[in-house]
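Okay, structure first, notes after.
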Amino acid sequence: MPVRTFRTPHPRRSRRALGALAASATAAVVAAATLLPAGQAGAVAGSLRTLAEAKGVYFGTAIGQGDLNNAALTTVAGAQFGMLTPTNEMKWETVEPSPGGFDFGPGDRIVAFGQAHAMKLRGHTLVWHSQLPAWMNNLPGSQVQAAMRNHIIATAGHYKGKLYSWDVVNEPFNENGTFRDDPFHRAMGSGYVADALRTAKAADPGAKLYLNDYNIEGLNAKSDAMYDLAKSLRSQGVPLDGVGFQAHFVVGQVPSSLKANLERFTALGLEVAITELDDRMQLPPDSGKLAQQARDYASVVTTCLAVRGCVGLTQWDVGDADSWIPGTFPGEGAGTMYDNAYQPKPAYHASVDALGGSASNPSPSPTPTPTPTPNPTDGVACAVTAEPNAWNTGLTENVTVTNSGSRAVNGWALSFTLPAGQTITGAWNAAVVPAAGRVTARSLGYNGTIAPGGSVSFGFQASHTGNAGPAGQFSLNGVACSAA
Ligand code: G3I
């Protein structure tokens, strides 16, 4: 992963200056996008996307199929964001409205928009208590497991190879940390989560598999429950790659424990992501609320950048005009970085600043994304050597990973399995967590890039209880490696 640097806070600008910057920034973005071939518009220099990617993270948004007809919305989405989540188009009621009757048309349209703009894609969501069709809500308990597996296999199978990740289970918990009473829990108990993850892994082995929830951003009973679940799943070897923190915030209420909370999840060897960020307020907005919102966005962006293993942020919806908030919280809204006319708000500039850009130079030039990567694992292949040198109770092991694929790897995570009884006590040239079992070594700032044909080496010290054999089952950024 490229090195993450931190810039000093930008000097405060006046509200008038911010407004002028906002208008000129959008004008420039629209102008930039219209210079590009139809359907091929890409991120512009200085955008949220390019700045985030330069820091090794993504910045995404969520759109629905109705949004595809909105030129102002799609222009901002294509120019500013590098990850895309469908708001409703991959949910059960849309995908499988009748038993075994699948409709992937709406989801496919969102995927096509994302691919045309070289965006990564998040699948949302396979198993969720909400937006289930009536037939699924009314299904006898004895048939729920088969229906769930069938839905996952068909849906994740349809999008196999196209998605960065799936929110396999969405919102499993009540606020007090107990499991939600939904058709899945009623039929299978808490084991439905592991069952869903294993089924999704079989259907699309390359997608990162997530659990996703709201009000788990700070340290509280609900995030404790998610942590306990994630820890238990990891210890059982259930294929869980990440936890998504929706981050539907209220201005001034970003939890101060956000960073500590994210870090306890990454310490489990999981990646984390901010998946549905918005920051609502009582309408109408005023300068004080917008300034607080800007501080809130900046703090969330800064926190993700500061947490190794926070892979990116997604804002839920593109602008205030298409946000879900007013429909759910009457009298509230204005939660996004773009106002009702898709003009950037102070929160946009604060996010740019937090990403190391400069909102005082908001005239992006039209630079199409140089190398579209519709699937982050396309072209990745690897070979690994692992050589332990052991003594009676300990060992050191040198690992060399060679990029035998066709494109450069920018930011690597090499996962491997340690023999039973080995516990890592130190490492060099990589950050390695957890200490035992299935572990992941991540690149440091200076060795994140492996050119095609190139290699990097790192190593670790470990204690052992008798088995001093080499680590095995290596995979680079989710792709299995061969022995060199
Ligand atoms: O499509 C119908 C339309 O035919 C009908 O005329 C209209 C009348 O209300 O409703 C339309 O459906 C709406 C649907 O969005 C599509 O716009 C539903 O009423 C509405 O409830 C639904 O809201 C979605 C909500 O999830 C449902 O829970 C929001 O768009 C969507 O943004 C929101 O997303 C969720 C995430 O999936 C999970 N986390 C929370 C987040 C915000 O609630």
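A quick note: this is a predicted structure, and the numbers were derived from the prediction, not measured. Whatever order the structure lists ligands and atoms in, that order sets their numbers, starting from 1.
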Taking the side chain as every heavy atom from C-beta outward, state whether Phe184 and Val169 have any pair of such atoms under 4.5 Å apart. no
Any luck finding a side-chain donor-acceptor pair between Ser323 and Asp320 under 3.5 Å? no
Is the shortest heavy-atom distance from the side chain of Ile216 to the side chain of Val243 under 4.5 Å? yes
In chain-and-number order, ligand 1 lies under 4.0 Å from a heavy atom of each of Asn88, Lys91, His124, Trp128, Ser130, Gln131, Asn170, Glu171, Gln246, His248, Glu276, Trp316, Trp324
Could you list the residues that satisfy salt bridge (Lys or Arg N to Asp or Glu O under 4.0 Å) with Arg198, not counting sequence neighbours? none
Just checking, is any N or O donor in the side chain of Asn174 or Thr178 under 3.5 Å from an acceptor N or O on the other one? yes
Side chains of Tyr338 and Gln315 only: does a donor on one sit below 3.5 Å from an acceptor on the other? no
